[in-house]
Amino acid sequence: MDQQRVLVAFGGNACYPPNIKGTAEEQFSLIAQACEHLVRILQGGYRLVLTHGNGPVVGNILFRMARTAQELEPMPMDVCVAHSQGGMGYMLQQSLLNAMRSAGMTDSVTSIVTQVEVDAGDPAFANPTKPVGKFFSAAEADKLSQGTGWQFVEDSGRGYRRVVASPAPRRILDVPAIEALLAAGVIPIAGGGGGIPVVRDGAGDLHGVAAVIDKDFTSAMLAAELGAGTLVMLTGVERVALDFGKPTQRFLDQIDAAEARRHMRDGQFPPGSMGPKIAAALQYLEAGGKTAVITSLDRAFDALRGEAGTRIVA
């Protein structure tokens with residue numbers, strides 16, 4: 001493992017929080033602020049690989065298609081993920097280049113439209129549970145379902161949302177290209193939204209599928225395959241807590257893999273909260289990774305130095 005190589009995984013809300021209107025100007029402003037923190041990491045001598053979520057953005061793409069489904073044939077889910085990878089990757093790429101130029105740095109940055117192979121027989125396809133996109137009324141959901149074949153479920157009394165499968169990643173197809181970029185000194189932005197989900201048919205050809213891959217699991221796999229010494233998963237809090245929200249809440253500075261598994265068994269990290277990030281950290285460590293860090297964007301550099309965040313070690 002290369003201790004100076006760091007994979008930083010942005011959440012989708014970091015670039016598109018729920019309290020914005022969603023204009024490109026707002027997104028560029030937020031990403032520009034985020035890139036200031038990335039520059040600090042680069043100035044510290046680390047070499048970066050970036051991944052990012054795409055939930056709110058791909059949700060908007062799906063919403064636009066739903067509203068125009070009578071006039072334009074909706075694009076399949078895998079193409080929507082590719083669209084979000086391209087748009088968000090462009091914003092990150094340009095913003096990081098600008099931030100580095102202001103700091104007197106001349107590194108190159110590029111985005112990779114990344115395909116991730118999943119198993120066509122993954123049980124997730126038989127039970128789609130991942131909500132994507134905006135909320136619709138029961139009548140709207142029924143009409144869209146009849147017209148497109150999309151599946152909808154009622155979500156917490158707020159309306160109906162489309163659900164898709166969330167299979168586990170099996171193979172990141174663009175690792176050789178990412179490695180070549182790193183060898184050339186280029187900062188790669190890859191695996192956006194968990195990657196474009198594809199399956200391989202009996203002849204060996206690839207085909208996109210309607211699914212969403214968890215961004216943290218793809219990031220963990222990519223970090224391990226690239227030999228990154230640290231996987232940093234950014235979230236809305238500085239550190240992971242036990243008994244979250246209770247009077248007995250306490251923060252974790254560092255735990256080992258065995259402790260993390262024990263806390264997961266005890267229900268400390270539910271699926272809708274820290275569960276996926278802890279599971280991704282364990283996946284990375286089991287594949288030979290050294291240190292996984294969960295922290296907020298503004299403390300990312302401090303967390304790499306052991307001064308913030310929650311560190312999970314082998």
Side-chain angles (χ1 to χ4, degrees), residues 1-17 20 23-54 57 84-114 172 174-193 195 215 218-219 222-223 225-236 238 291 293-309:
M1 289 285 170
D2 184 341
Q3 294 304 310
Q4 296 305 110
R5 183 176 287 185
V6 175
L7 188 145
V8 176
F10 279 88
N13 283 332
C15 305
Y16 199 115
I20 68 171
T23 66
E25 290 79 11
E26 287 174 310
Q27 292 175 70
F28 267 116
S29 177
L30 287 164
I31 293 172
Q33 295 171 40
C35 288
E36 296 295 334
H37 297 287
L38 297 179
V39 167
R40 286 187 67 202
I41 294 173
L42 290 167
Q43 289 173 326
Y46 296 98
R47 294 183 294 277
L48 280 178
V49 179
L50 300 178
T51 64
H52 61 85
N54 69 343
V57 174
S84 69
Q85 277 192 5
M88 295 184 73
Y90 156 66
M91 289 183 169
L92 273 167
Q93 179 178 333
Q94 185 184 95
S95 299
L96 184 53
L97 283 168
N98 288 340
M100 290 192 302
R101 181 191 56 79
S102 296
M105 304 171 71
T106 58
D107 304 61
S108 295
V109 185
T110 196
S111 307
I112 302 174
V113 177
T114 312
I172 300 168
D174 300 281
V175 167
I178 297 167
E179 280 281 20
L181 289 168
L182 287 167
V186 179
I187 299 170
I189 301 167
K215 172 261 306 174
T218 296
S219 299
L222 182 60
E225 292 197 29
L226 295 176
T230 307
L231 165 65
V232 179
M233 291 177 283
L234 300 178
T235 186
E238 181 198 328
T291 306
V293 176
I294 299 174
T295 192
S296 56
L297 171 63
D298 61 321
R299 301 305 304 276
F301 177 66
D302 298 325
L304 282 171
R305 299 193 299 177
E307 299 171 359

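Source: prediction; values computed, not measured. The basis for the numbers below is simple: all heavy atoms, side chains too, and nothing from hydrogens, waters or symmetry mates.
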Going from [atom1] on [X] to [atom2] on [Y], what distance comes out if it is rounded to the nearest 0.5 angstrom?
| X | Y | atom1 | atom2 | result |
| --- | --- | --- | --- | --- |
| Arg299 | His37 | CZ | NE2 | 10.5 Å |
| Leu30 | Glu25 | CG | CD | 12.0 Å |
| Ser108 | Ile187 | OG | CD1 | 8.5 Å |
| Ile31 | Glu36 | CD1 | CD | 13.0 Å |
| Tyr90 | Ile189 | OH | CD1 | 12.0 Å |
| Leu7 | Glu225 | CG | CD | 11.5 Å |

Exercise. Before giving the answer on side-chain contact (heavy atoms from CB on, under 4.5 Å), spell out for Val49 and Val8 the whole-Å C-alpha distance, their side-chain angles and the decisive distance to 0.1 Å.
Key: CA-CA 6 Å; Val49 179; Val8 176; over 6 Å; no

Self-check item: Pair Val109-Met100, side-chain contact (heavy atoms from CB on, under 4.5 Å): steps then yes or no
Solution: CA-CA 10 Å; Val109 185; Met100 290 192 302; 3.4 Å; yes

Quiz item: Can you name the one residue among Ile41, Leu38, Leu42 that meets side-chain contact (heavy atoms from CB on, under 4.5 Å) with Phe301?
Solution: Ile41

Exercise. Check Ile112, Val113, Leu222 against Asp174 for a side-chain contact (heavy atoms from CB on, under 4.5 Å) and give me the one that passes.
Key: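 Among Ile112, Val113, Leu222, the one that satisfies the side-chain contact (heavy atoms from CB on, under 4.5 Å) with Asp174 is Ile112.
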
Could you pull out the closest heavy-atom pair between [X] and [Y], with the gap in Å?
| X | Y | value |
| --- | --- | --- |
| Gly191 | Thr114 | N-OG1, 3.0 Å |
| Ile178 | Ala190 | CD1-CB, 3.6 Å |
| Gln43 | Ala103 | NE2-CB, 3.8 Å |
| Pro188 | Leu182 | CD-CD2, 3.6 Å |
| Tyr46 | Leu304 | OH-O, 3.7 Å |
| Gly45 | Gln4 | O-NE2, 3.1 Å |

Practice problem: Applying salt bridge (Lys or Arg N to Asp or Glu O under 4.0 Å), name anything that partners Glu179, two or more places apart in sequence or on another chain. | Solution: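 Counting only residues at least two positions away or on another chain, Glu179 forms a salt bridge (Lys or Arg N to Asp or Glu O under 4.0 Å) with Arg5.
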
Quiz prompt | Sole residue of Gln93, His52, Gln85, Gln94 in side chain to side chain donor-acceptor pair (under 3.5 Å) with Ser111 | solution =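 With Ser111 as partner, side chain to side chain donor-acceptor pair (under 3.5 Å) holds for just one option, Gln93.
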
So do [Y] and [X] actually touch side chain to side chain, heavy atoms under 4.5 Å?
| X | Y | result |
| --- | --- | --- |
| Thr51 | Phe10 | no |
| Met233 | Thr235 | no |
| Leu96 | Asn98 | no |
| Asp302 | Arg40 | yes |

Quiz item: Under the side chain to side chain donor-acceptor pair (under 3.5 Å) criterion, do Thr230 and Thr291 qualify, and how do the steps go?
Solution: CA-CA 5 Å; Thr230 307; Thr291 306; 5.0 Å; no

Quiz prompt | Ion pair Arg101/Asp107, N-O distance below 4.0 Å | solution =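 Looking at Arg101 and Asp107, the cut-off is not met.
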
Quiz prompt | Check: Ser219 side chain, Lys215 main-chain N or O, donor-acceptor pair, under 3.5 Å | solution = yes

Quiz item: Taking Thr295 for the side chain and Glu238 for the main chain, is one N or O donor matched with an acceptor at less than 3.5 Å?
Solution: yes

Self-check item: Short side-chain donor-acceptor distance under 3.5 Å, Glu26 and Thr23
Solution: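 The answer is yes; a qualifying pair exists.
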
